[in-house]
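Note that the structure is predicted; figures quoted are calculated from it, not measured. All chains are named by letter (A, B, ...) in the order of the sequence lines, taking the proteins before the strands, and each is independently numbered beginning at 1.
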Amino acid sequence: MSQIWKGPLERIDAFRWRIPRFLGSMRVEGLIFADETLISRVRADQALQQVVHVAHLPGLAGPSMAMPDIHWGYGFPIGGVAAMDIREGVVSPGGVGYDINCGVRLMRTDLDEDALRSRLKILTERLYANIPSGVGSSGKLKLDSRSLKKVLTRGSKWAVEQGFGCARDLERTEDGGCMEGADADALSSRALERGKPQLGTLGAGNHFIEIQVVDAVYDFEAARAYGLRQGMITLMIHTGSRGLGYQVCDDHVGVMMKAMTRYQIEVPDRQLACAPVESAEGRRYLAAMAAAANYAWTNRQIILHCVRESFEQVFQDSAERLGLDMIYDVAHNIAKFETHETGNETRRVLVHRKGATRAFGPGRPEIPEVYRSIGQPVLIPGDMGTASYVLRGTSAAMKETFGSTCHGAGRVLSRHAAQRAAQGRRIDEELARKGILVLSRSRKTLAEEAPEAYKDIHEVVEIVHGAGISKKVVRMKPLAVIKG
DNA sequence: ATGTTC
């Protein structure tokens with residue numbers, strides 16, 4: 001199955017590699033962010049072939065890019081960035097992924113490790129009890145069609161109107177937790193039905209809630225601006241749009257596979273199914289994608305509300321007094337219309353980020369005002385046994401990657417290979433010996449998510465930091481993890 | 001990632 005990349009791959013510098021247009025059918029070149037150590041891992045994956053596939057799409061406004069956490073995905077690689085010209089380019093559901101607006105939310109607290117230690121176990125158990133997780137999990141909310149449509153068009157604003165959070169949470173969410181252009185009518189009845197019972201649920205796979213402590217500060221000015229300091233307890237939520245987003249992707253991949261013939265688009269892999277950005281099919285997918293994105297932001301907002309309730313129950317104090325405040329929330333599976341400078345012209349492009357995080361540099365109006373002079377907070381979760389990072393967006397990223405960086409550690413073992421490697425082992429006990437408490441609904445999920453299934457997050461972050469497409473601010477180490 | 005193969 002696994003194919004080692006045998007095509008051309010040229011080293012540009014310590015952190016950059018180029019796949020030139022060695023095939024006449026490639027419209028642009030490939031640009032991969034990696035160092036000597038990481039590129040050998042990347043070569044052993046089909047992901048570089050996928051970078052070349054993406055380079056065949058019409059209307060690319062820049063190279064087919066891959067971040068250091070790149071690995072094989074559906075059609076497009078995970079860790080891939082593709083910016084499309086709006087008039088000549090295409091939109092592809094595979095360039096966003098099945099979990100539309102999978103993303104990460106980071107919270108701060110006023111607690112330090114000492115204040116938490118004696119209650120860590122009971123707090124983790126409380127979070128586990130209060131927040132449904134696992135495959136097919138359903139939540140306490142069972143939305144009717146009317147409420148669901150409001151969620152899809154208003155996103156996190158709906159959650160705040162319902163009392164699940166405050167205006168400050170919205171300010172600190174990418175796009176304010178509400179993407180424009182969402183249309184609930186662009187969703188199939190099946191997608192809508194799958195969405196009704198799942199709001200406020202974590203899901204499975206790599207989704208998690210993690211209690212962490214800041215164990216390193218690299219940029220004191222940025223850390224202060226973000227409200228982070230050494231020794232602070234933080235909490236991270238990683239989840240997406242659940243069955244609704246999956247269904248939206250599946251439905252529209254089907255539609256576009258048929259439409260491609262009509263638009264005379266030829267692609268080297270059927271999984272790159274796409275349609276012109278301004279076509280009926282393209283617009284309809286983007287309207288459905290925005291709705292699913294809004295569902296995902298609402299999902300993370302509701303989970304945050306449940307987190308606050310859990311802290312209140314355990315500490316017998318208000319979430320406000322415990323300092324449970326949003327740092328930021330990022331989407332890392334999404335396509336967005338953005339304005340970028342390419343060469344010496346200003347262009348409107350549709351940036352596909354699939355397992356890639358927006359990393360806008362200082363001054364961009366999309367960044368919350370409190371962070372604008374520093375750059376956007378970039379949230380990078382690692383595997384559950386190692387660490388996570390906060391970085392900041394840079395102007396270098398604006399010039400080179402359409403304001404994008406990596407999204408996590410990235411797999412080195414397939415889910416199946418990870419399960420094989422974990423045969424007969426207790427991953428939770430192995431993590432407990434490292435001082436990390438893990439609660440999970442499923443032994444299988446734990447095996448798939450074992451630390452060895454992922455690249456070293458430190459290495460991945462050093463590459464994006466070294467390349468300058470985002471800069472390290474703080475590092476957090478895990479204390480307790482809830483998995484699906 | 002996913003009512004993990006309508």
Round to a whole Å and report the spacing from OH of A/Tyr246 to P of B/dT4. 8 Å
Under a plain distance cut-off of 3.5 Å, with no hydrogens placed, do A/Asp169 and A/Gln301 share a side-chain donor-acceptor pair? yes
Just how far, in rounded Å, is P of B/dT2 from CG of A/Asp99? 6 Å
Identify whether any heavy atom of A/Arg242 sits under 4.0 Å from a base atom; if not, whether one sits that close to sugar-phosphate; answer base, sugar-phosphate or nothing. sugar-phosphate
Can A/Arg284 and A/Asp183 be counted as an ion pair, charged N to O under 4.0 angstrom? no
If I take atom CD in residue A/Gln247 and atom C1' in nucleotide B/dT5, what distance separates them, rounded to the nearest angstrom? 14 Å
Length of the CG-C1' vector between A/Leu202 and B/dT2, whole Å: 14 Å
Rounded to the nearest Å, what distance is computed from the CZ atom of residue A/Arg443 to the C1' atom of nucleotide B/dT4? 19 Å
How many Å lie between NE2 on A/His416 and P on B/dT4, as a whole number? 18 Å
Within the 4.0 Å heavy-atom criterion, would you say A/Gln419 contacts the bases, only the backbone, or no part of the nucleic acid? nothing
If you find the nucleotide of DNA chain B closest to A/Gly205 and the one closest to A/Glu448, which residue's nucleotide is nearer the 5' end? A/Gly205
Once you round it to whole Å, what is the distance between C1' of B/dT4 and CD of A/Gln198? 13 Å
Tell me the interatomic distance from A/Lys444, atom NZ, to B/dT2, atom P, rounded to whole angstroms. 12 Å
Sub-3.5 Å donor-acceptor pair from the side chain of A/Thr201 to the main-chain atoms of A/Gly203, do we have one? no
Are A/Phe15 and A/Phe33 close enough that their ring centers fall under 6.0 Å? no
